[in-house]
Chemist: 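Quick one: the structure is below, questions incoming.
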Amino acid sequence: MKKITSYLIALILIGSGALNAMDTKLQQQIEKQLKELKSAKGIGAWEQGVTAFESMSKSHPKEWLTRYYESYCLLNCGMESKDPATADNYYDRAFKAAEVAEGLSANNSEIKTLKSWILSMQIGIDPMNRGFEYGMKSNILLEEAIALDENNPRPYLLQGLAAMYTPEEYGGSKEKARTCFEKAIKKFEATKVQSATAPSWGYEKAKESLAEVQ
């Protein structure tokens, strides 16, 4: 009986070790891909990111972070695209990937922030027909993101960008934008990034945007 028990314990430990090794391998894959994306230029580089994270998502279907970065890469593909229809297709795919991520990690401040960003970019494709509806949805998502994590700097950055690019007659202003950017920068500088794979984008953009509204 003791031999059987020892054997079962050994199997559990081996299985646990394999699981940890798999998780570590995935973390290393994500870190490697994020390092490559830091110097990404053009749709081709971002498409490589999409492919890499899609592959990770298929092998780790319960991991929200790979879907998050898949969405992030698709969003950047859209922003790099010069053709509105092509860009819109990327944004649609980005939003769908973000929703899959949210299905795996509900009430996630980072995912809600990313979804808001995607919606704001979709407005630019057809502002007359999308401006009001998508703008409302985008703002609500940012409010929800802040409610979930008030120390997340990225929602404040996006609020600042919205205020900077929205005409004053529709509620935008440089003063509002400046306040949001200053708050975002303080949050960036006060909040430690949890890990090398955690979302960390936006700090440089916040500083550049603040300089524009000074």
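We're numbering straight along the sequence, starting at 1.
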Chemist: Side-chain heavy atoms under 4.5 angstrom apart, residues restricted to Ile, Leu, Val, Met, Phe, Trp, Tyr: same cluster for Leu65 and Leu74?
Modeler: no

Chemist: Would you say Leu161 and Met79 are hydrophobically clustered, going by side-chain heavy atoms of ILVMFWY under 4.5 Å?
Modeler: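 Both belong to a single hydrophobic cluster.
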
Chemist: Once rounded to the nearest 0.5 Å, what's the spacing between atom CD1 of Ile146 and atom CG of Asn151?
Modeler: 11.0 Å

Chemist: Check the pair Gln159 / Lys183 against side chain to side chain contact (heavy atoms under 4.5 Å, CB included), numbers first and verdict last.
Modeler: CA-CA 10 Å; Gln159 284 183 333; Lys183 184 177 290 188; over 6 Å; no

Chemist: Can you name the residues that form a ring pair (Phe, Tyr, Trp, His ring centres under 6.0 Å) with Tyr69, not counting sequence neighbours?
Modeler: Phe53

Chemist: Taking side-chain contact (heavy atoms from CB on, under 4.5 Å) as the criterion, tell me which of Ser71, Ser55, Cys77 meets it with Val50.
Modeler: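 When side-chain contact (heavy atoms from CB on, under 4.5 Å) is applied between Val50 and each of Ser71, Ser55, Cys77, only Cys77 qualifies.
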
Chemist: Indicate yes or no for a side-chain donor-acceptor contact from Ser105 to the backbone of Ala101 under 3.5 Å, with no hydrogens or angles considered.
Modeler: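 No: the side chain of Ser105 does not pair with the backbone of Ala101.
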
Chemist: Could you see if Leu148 belongs to whatever hydrophobic cluster contains Leu114? Use Ile, Leu, Val, Met, Phe, Trp, Tyr and a side-chain cutoff under 4.5 Å.
Modeler: no

Chemist: According to a hydrophobic-cluster definition based on side-chain heavy atoms being under 4.5 Å apart (Ile, Leu, Val, Met, Phe, Trp, Tyr only), do Tyr156 and Val213 belong together?
Modeler: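 No, separate clusters.
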
Chemist: Going by the rule side chain to side chain contact (heavy atoms under 4.5 Å, CB included), which residues pair with Glu143 if we only count those two or more places apart in sequence or in a different chain?
Modeler: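 Once residues adjacent in sequence are excluded, Glu143 has no partner under the side chain to side chain contact (heavy atoms under 4.5 Å, CB included) criterion.
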
Chemist: To the nearest 0.5 Å, what is the distance between CD1 (Ile140) and CG (Leu119)?
Modeler: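 It comes to 10.5 Å.
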
Chemist: Mind listing the closest non-hydrogen atom pair of Ala184 and Pro153 along with its distance?
Modeler: O-CB, 3.4 Å

Chemist: Show every salt bridge (charged side-chain N to carboxylate O under 4.0 Å, His left out) that has at least one partner inside residues 48-69, sequence neighbours left out.
Modeler: Glu54-Arg93, Arg67-Glu70

Chemist: May I have all residue pairs that pass salt bridge (charged side-chain N to carboxylate O under 4.0 Å, His left out) and include part of residues 205-214, sequence neighbours excluded?
Modeler: Glu204-Lys207

Chemist: Would you say the side-chain atoms of Thr197 pair up with the backbone N or O of Gln27, donor to acceptor, closer than 3.5 Å?
Modeler: no

Chemist: Tell me, which pairs form a side chain to side chain donor-acceptor pair (under 3.5 Å) where one or both residues lie in residues 128-142, sequence neighbours left out?
Modeler: Asp88-Arg130, Ser116-Ser138, Asp126-Asn129, Glu133-Lys137

Chemist: Taking all non-hydrogen atoms of both residues into account, name the closest pair between Thr66 and Ser57 and its distance.
Modeler: OG1-OG, 2.9 Å

Chemist: What pairs with Tyr203 under ring pair (Phe, Tyr, Trp, His ring centres under 6.0 Å), at least two apart in sequence or on another chain?
Modeler: Phe188

Chemist: Treating Thr113 as the side-chain partner and Ser109 as the backbone partner, does any N or O pair qualify as donor plus acceptor under 3.5 Å?
Modeler: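 Judged by distance alone, yes, a pair lies under 3.5 Å.
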
Chemist: Please name all residues satisfying side chain to side chain contact (heavy atoms under 4.5 Å, CB included) with Asp92, sequence neighbours left out, ordered by chain then number.
Modeler: Gln122

Chemist: Rounded to the nearest 0.5 Å, what's the gap from CG on Leu75 to CD on Glu80? Could you check?
Modeler: 10.5 Å

Chemist: Does atom CD of Glu168 have more than 12 heavy-atom neighbours, drawn from other residues, nucleotides or ligands, at distances under 6.0 Å?
Modeler: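 Counting other residues, nucleotides and ligands, CD of Glu168 stays at 12 neighbours or fewer.
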
Chemist: What pairs with Lys32 under salt bridge (charged side-chain N to carboxylate O under 4.0 Å, His left out), at least two apart in sequence or on another chain?
Modeler: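 Counting only residues at least two positions away or on another chain, Lys32 forms a salt bridge (charged side-chain N to carboxylate O under 4.0 Å, His left out) with Glu36.
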
Chemist: For the hydrophobic clusters of this structure (ILVMFWY residues joined by side-chain heavy atoms under 4.5 Å, transitively), does one cluster hold both Phe95 and Ile123?
Modeler: yes

Chemist: Can you sort out the partners of Gln214 under side chain to side chain contact (heavy atoms under 4.5 Å, CB included), two or more places apart, ordered by chain and number?
Modeler: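 For Gln214, the residues satisfying side chain to side chain contact (heavy atoms under 4.5 Å, CB included) (neighbours in sequence not counted) are Arg178, Leu210.
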
Chemist: Taking only residues two or more places apart in sequence or in another chain, which ones pass salt bridge (charged side-chain N to carboxylate O under 4.0 Å, His left out) with Glu144?
Modeler: Lys112

Chemist: Would you give the length of the straight line joining atom CD of Gln28 to atom NZ of Lys25, rounded to the nearest 0.5 angstrom?
Modeler: 9.5 Å

Chemist: What heavy-atom pair brings Gly171 and Lys176 nearest, and what distance separates the two atoms?
Modeler: O-NZ, 2.9 Å

Chemist: For Asp149 and Ala145, indicate whether the former's side chain and the latter's backbone hold a donor-acceptor pair under 3.5 Å.
Modeler: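 Judged by distance alone, no pair lies under 3.5 Å.
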
Chemist: If you compare all heavy atoms of Leu34 against all heavy atoms of Ala196, which two are closest, and at what distance to 0.1 Å?
Modeler: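 Scanning both residues completely, I find the closest heavy atoms to be CD1-O, 3.7 Å.
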
Chemist: Which heavy atom in Gln33 sits nearest to a heavy atom in Gly49, and how many Å separate them?
Modeler: NE2-CA, 3.6 Å

Chemist: Filter on side chain to side chain donor-acceptor pair (under 3.5 Å), then keep only pairs touching residues 39-49, sequence neighbours left out; what's left?
Modeler: Glu47-Tyr90

Chemist: Between OG of Ser200 and CZ of Arg154, what distance do you get to the nearest 0.5 Å?
Modeler: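 Ser200 atom OG to Arg154 atom CZ measures 6.5 Å (nearest 0.5 Å).
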
Chemist: For Asn76 and Leu37: C-alpha separation, side-chain torsions, deciding distance, then whether side chain to side chain contact (heavy atoms under 4.5 Å, CB included) applies.
Modeler: CA-CA 10 Å; Asn76 278 277; Leu37 290 176; over 6 Å; no

Chemist: Provide the closest heavy-atom pair for Ala98 versus Lys115 in the form atom of the first, atom of the second, distance.
Modeler: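 The pair with the smallest heavy-atom distance is CB-CG, 3.6 Å.
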
Chemist: Listed by chain and number, what are the ring pair (Phe, Tyr, Trp, His ring centres under 6.0 Å) partners of Tyr68, not counting sequence neighbours?
Modeler: Trp64

